[in-house]
Protein chains: 2
Amino acid sequence: MLLTGTLQERETYVPTGNIVNQLIGRPGMKSIEPTIKANDAPPPRAAERILQVARDLFYRQGIRAIGVDEIVRRAGVTKPSLYRSFPSKDELAASYLRHYDLEFWERFDEAVNAHPGDPRAQIVAFLTRVGKRTQRPDYRGCGMTNAAVEYPEHGHPARVVSEANKQELRRRLRAMAAAMGAGDAETLGDGLLLLIEGAYISGQLFGAGGPAQSVARNADLLIEASLKK
Amino acid sequence: MLLTGTLQERETYVPTGNIVNQLIGRPGMKSIEPTIKANDAPPPRAAERILQVARDLFYRQGIRAIGVDEIVRRAGVTKPSLYRSFPSKDELAASYLRHYDLEFWERFDEAVNAHPGDPRAQIVAFLTRVGKRTQRPDYRGCGMTNAAVEYPEHGHPARVVSEANKQELRRRLRAMAAAMGAGDAETLGDGLLLLIEGAYISGQLFGAGGPAQSVARNADLLIEASLKK
DNA sequence: CTATCATGTTACTGACCGGTACGTTGCAGG
DNA sequence: CCTGCAACGTACCGGTCAGTAACATGATAG
């Protein structure tokens with residue numbers, strides 16, 4: 001007799017442990033300056049080191065693959081220090097992704113600002129840079145995408161950040177497609193998103209010389225075809 | 001002082017435990033019929049149940065997220081039964097992916113055989129079905145792609161299967177692009193691969209109504225643009 | 001001098017990880 | 001009936017998982 005079905009599946013995230021800290025601030029990291037004093041001294045230097053090490057390890061190896069013990073060991077701190085600054089490992093992962101989100105939009109806006117009023121050139125510029133990054137030997141794809149793959153559970157802190165980032169990206173791509181004058185801007189915007197996600201994945205799957213190197217060219221081709229319709 | 005650099009990074013897979021069994025057969029699963037006798041009795045019914053449960057759980061929750069204990073419990077067997085049929089959890093994951101590979105090419109060839117001599121229609125047919133599958137509520141993307149994200153280590157048994165599948169897919173897509181008469185068949189084939197991978201990821205990221213629903217339309221647009229050049 | 005704060009130290013929890021030594025069951029062939 | 005083997009289960013291994021309790025240290029600021 002199969003036992004399947006007798007156990008609940010848990011498709012939504014349920015937080016564990018440290019309930020108090022989890023409520024004192026959505027960012028998941030306690031504010032650095034609770035009182036307004038001379039801002040020369042950044043007291044919680046442990047939190048910074050932890051986050052820095054976690055970002056590196058989570059991106060390169062994956063979140064599930066890295067334990068908190070390894071993080072604190074490499075950061076040269078101890079476990080209680082981690083749990084004083086972050087409510088849980090899941091929230092630490094979310095903090096990593098929030099930082100990733102900031103860096104992502106910096107890169108994106110850099111390409112946008114380089115070609116004011118020319119969304120097509122903005123897209124091509126952005127994807128040219130993405131295509132180049134995917135060819136680097138240590139390329140590991142998009143931290144957001146990878147996190148969503150690692151945590152399919154709805155409501156998981158890491159996944160929430162990831163989904164928000166992708167929703168916003170979709171919104172902006174569709175807006176840019178509309179600004180290009182595409183007949184079906186939704187389809188073109190979504191097509192560009194598919195190419196981008198494909199580049200992230202193919203970059204880490206194939207390594208240098210993989211399909212991701214042609215993402216800018218293919219995007220330009222797709223734009224071309226979408227504008228002529 | 002930072003401790004980074006004092007520890008080796010381990011970027012290549014090193015198998016653990018059960019060295020003997022790991023050598024007796026690449027498929028990772030011991031042959032069901034070692035001697036030629038009446039093939040009516042399929043003795044190791046445990047192995048089949050294990051693989052069946054593992055396939056379901058690995059696909060839906062991810063490989064790292066599922067422990068061997070949960071697999072054997074749901075399969076109604078015990079752990080030694082698992083390790084009699086599979087050298088390790090990693091090899092069980094590889095077996096899951098080998099089965100996934102078979103199913104994948106079945107679906108692919110089904111679309112190909114539906115439109116003999118018309119590679120463009122073959123692609124569109126395949127991607128129409130992919131686009132539909134991505135809209136199902138329990139869609140979890142491509143098992144191959146997900147496994148590669150979960151195991152970035154070169155040489156990991158699961159990743160090896162995944163990489164081989166993607167290499168072959170790339171080869172076939174480029175061949176089909178050439179058969180269409182595309183000026184730059186390599187670029188078109190790679191562009192189609194990017195769209196496909198993007199659909200796999202976006203399907204599980206956005207759920208129903210996401211960008212993946214337009215993958216067939218975008219692929220057709222891209223083909224259109226590539227043939228006119 | 002003392003109160004406060006960030007951090008470190010040590011030790012621990014219960015659950016789970018992948019994997020294994022060894023005993024038990026049941027069935028087929030002589 | 002007995003033997004032998006194949007399939008399976010019981011009970012356990014050391015290690016790691018995320019997370020916590022209790023206390024010590026060192027600096028800073030009033």
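First the proteins, then the strands, lettered A, B, ... as listed; each starts at 1.
One can place CZ of Arg73(A) at 18 Å from C1' of dG8(C), the figure rounded to the nearest angstrom. Atom-to-atom, CZ of Arg84(B) to C1' of dA6(D) comes out at 10 Å; the value is rounded to the nearest Å. The distance between atom CD1 of Ile66(B) and atom C1' of dA15(C), rounded to the nearest whole Å, is 16 Å. Rounding to whole angstrom units, CG of residue Leu82(A) and P of dA21(D) are separated by 16 Å. Straight-line distance from the NZ atom of Lys89(A) to the C1' atom of dG19(D): 12 Å, rounded to whole Å. Taking atom CG of residue Asp69(B) and atom P of nucleotide dA11(D), one finds them 15 Å apart after rounding to whole Å. For Ile50(A) and dT7(C), the CD1 to C1' distance is 10 Å, given to the nearest whole Å. A straight line from NZ of Lys79(B) to P of dG14(D) spans 14 Å, rounded to a whole angstrom.
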Side chain to side chain donor-acceptor pair (under 3.5 Å) between Gln213(A) and Thr134(A), intermediate numbers included: CA-CA 7 Å; Gln213(A) 66 190 346; Thr134(A) 62; over 6 Å; no
Should Gln204(B) and Asn146(B) be marked as a side chain to side chain donor-acceptor pair (under 3.5 Å) after you check the CA-CA gap, both sets of side-chain angles, and the distance that decides it? CA-CA 10 Å; Gln204(B) 61 179 306; Asn146(B) 295 350; 3.1 Å; yes
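Closest non-hydrogen pair, Arg140(A) versus Ala148(B), comes out as NH1-O, 4.4 Å.
Taking only side-chain nitrogens and oxygens, Ser81(B) comes nearer than 4.0 Å to OP1 or OP2 of dG9(D). OP1 or OP2 of dG19(C) sits under 4.0 Å from a side-chain N or O of Tyr83(B).
If Pro80(A) and Thr78(B) are placed on DNA chain D by their nearest nucleotide, the residue sitting closer to the 5' end is Thr78(B).
Atoms CG and CG, from Leu193(B) and Leu169(B) in turn, are 5.5 Å apart once rounded to the nearest 0.5 Å.
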